[in-house]
Amino acid sequence: MIVVPFQNAADGIAREEALLKRAEPAVLIWQTTTPSLVVPSALARLPALQAMMAETAQQGWPVVTRRSGGGIVPQGPSTLNLAFVMPQECGTTIEDGYRLITGVLTEALSRFDISTTIGACPGAFCDGDWNVLAEGRKLVGTAQRWAANRQSRIVLAHASILMEPPELTLWPVLKRLSAAAFPEAPAINPEAHIALAALLPGRMSLKSFPGALARAAAEPLSKIKQRKNQAA
């Protein structure tokens, strides 16, 4: 499995949506060549944000919307995305979906001797209880979306991995948007984040991470496919 390149985040999100609609177990690893900010559709409709989004585009950070919830997430060459599509089995919970995708991530990171924990990180963008943290700082953010067809419910579990430090122009733009969207939340703090490049000894290791991620995802994907075939 290789990283699928997209020109912009809208294309990557559209591919995830297509896999969700297809409703077959699948893994997608993708990255974009141009920077953007991904904003939940509900947030993008807020008058306070609408006036600001045109400004962010002029500053090199156009806004792309997504149907899932959560916070504002930067995309671009410094971010690697993992999407896991799977049918919801009887008794499956949201927590099960998060455990699966964070388990894949921690397994891949452990192959580079990177220790991780799972939890919130105040001051991080799109903070949540299922961040993957390294050295107490946010390395990976996760999210889920559940959909239904006539046969079953389908889960899309998504993770965004900060591979390298983002452009410095990101932080003032992200701080303003986040403050407008979440006035009660802690201010965005760049020091609350850590990039994979800071945790790996060399450039070759960074380039080899997507392969490790694909290998870590292969076993749970195979098990999900096997259970689906047995149930058919």
Side-chain angles (χ1 to χ4, degrees), residues 1 3 12-13 15-17 19-30 38 40 66-71 73 79-122 124-149 151-163 192-196 199 209-231:
M1 183 185 301
V3 178
I13 292 170
R15 179 68 64 86
E16 289 186 351
E17 291 287 336
L19 290 174
L20 186 63
K21 185 176 181 180
R22 184 181 174 193
E24 293 292 334
V27 169
L28 174 68
I29 300 174
W30 62 275
V38 177
R66 68 170 186 265
R67 295 178 64 183
S68 57
V73 178
T79 300
L80 184 71
N81 299 280
L82 168 67
F84 215 113
V85 177
M86 51 195 159
Q88 178 211 16
E89 299 174 336
C90 182
T92 300
T93 66
I94 291 176
E95 288 76 16
D96 292 330
Y98 279 123
R99 289 189 188 100
L100 185 146
I101 196 163
T102 56
V104 168
L105 289 156
T106 55
E107 167 63 23
L109 291 163
S110 71
R111 300 181 184 191
F112 298 88
D113 296 322
I114 297 173
S115 298
T116 57
T117 56
I118 307 299
C121 184
F125 57 75
C126 197
D127 191 25
D129 293 336
W130 291 91
N131 296 324
V132 178
L133 310 179
E135 300 181 1
R137 300 159 71 186
K138 180 172 179 175
L139 172 64
V140 184
T142 60
Q144 286 188 66
R145 183 171 168 229
W146 290 41
N149 59 23
Q151 288 77 35
S152 64
R153 291 177 65 84
I154 311 299
V155 182
L156 167 63
H158 177 93
S160 295
I161 306 138
L162 193 61
M163 298 291 283
H193 309 83
I194 190 166
L196 185 60
L199 301 167
F209 180 73
L213 188 60
R215 289 189 293 274
E219 183 177 353
L221 178 65
S222 177
K223 290 180 178 179
I224 290 168
K225 287 181 175 180
Q226 185 177 18
R227 288 196 297 266
K228 186 177 186 297
N229 291 336
Q230 289 173 346

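Position 1 is the first residue of the sequence; numbering continues from there. In what follows, every heavy atom counts, from backbone to side chain, and hydrogens, waters and symmetry copies are set aside.
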Practice problem: Quick one: sort the Trp30 and His158 rings into parallel, tilted or perpendicular, breaks at 30° and 60°. | Solution: tilted
Exercise. Give me the ring orientation class for Phe209 and Phe112: parallel if the planes are under 30° apart, tilted from 30 to 60°, perpendicular past 60°.
Key: tilted
Quiz item: Should the heavy atoms of other residues, nucleotides or ligands under 6.0 Å from CD of Glu135 be counted, would the total exceed 12?
Solution: no
Less than 4.5 Å apart, side chain to side chain, heavy atoms only: is that true for [X] and [Y]?
X      : Y      : answer
Leu100 : Met86  : yes
Pro87  : Pro25  : yes
Leu133 : Ile118 : no
Leu80  : Leu196 : no

Self-check item: Backbone of Cys121 reached by a side-chain donor or acceptor of Asp127 within 3.5 Å
Solution: yes
Quiz item: Between Gln144 and Ile94, is there a donor-acceptor pair closer than 3.5 Å when you use the side chain of the first and the backbone of the second?
Solution: yes
Quiz item: Would you call Lys223-Glu219 a salt bridge at under 4.0 Å N-O?
Solution: yes
Quiz item: Ion pair present between Glu107 and Arg111, side-chain N to carboxylate O less than 4.0 angstrom?
Solution: yes
Quiz prompt | Inter-residue atom distance Ile114.CD1 - Ile194.CD1, 0.5 Å rounding | solution = 8.5 Å
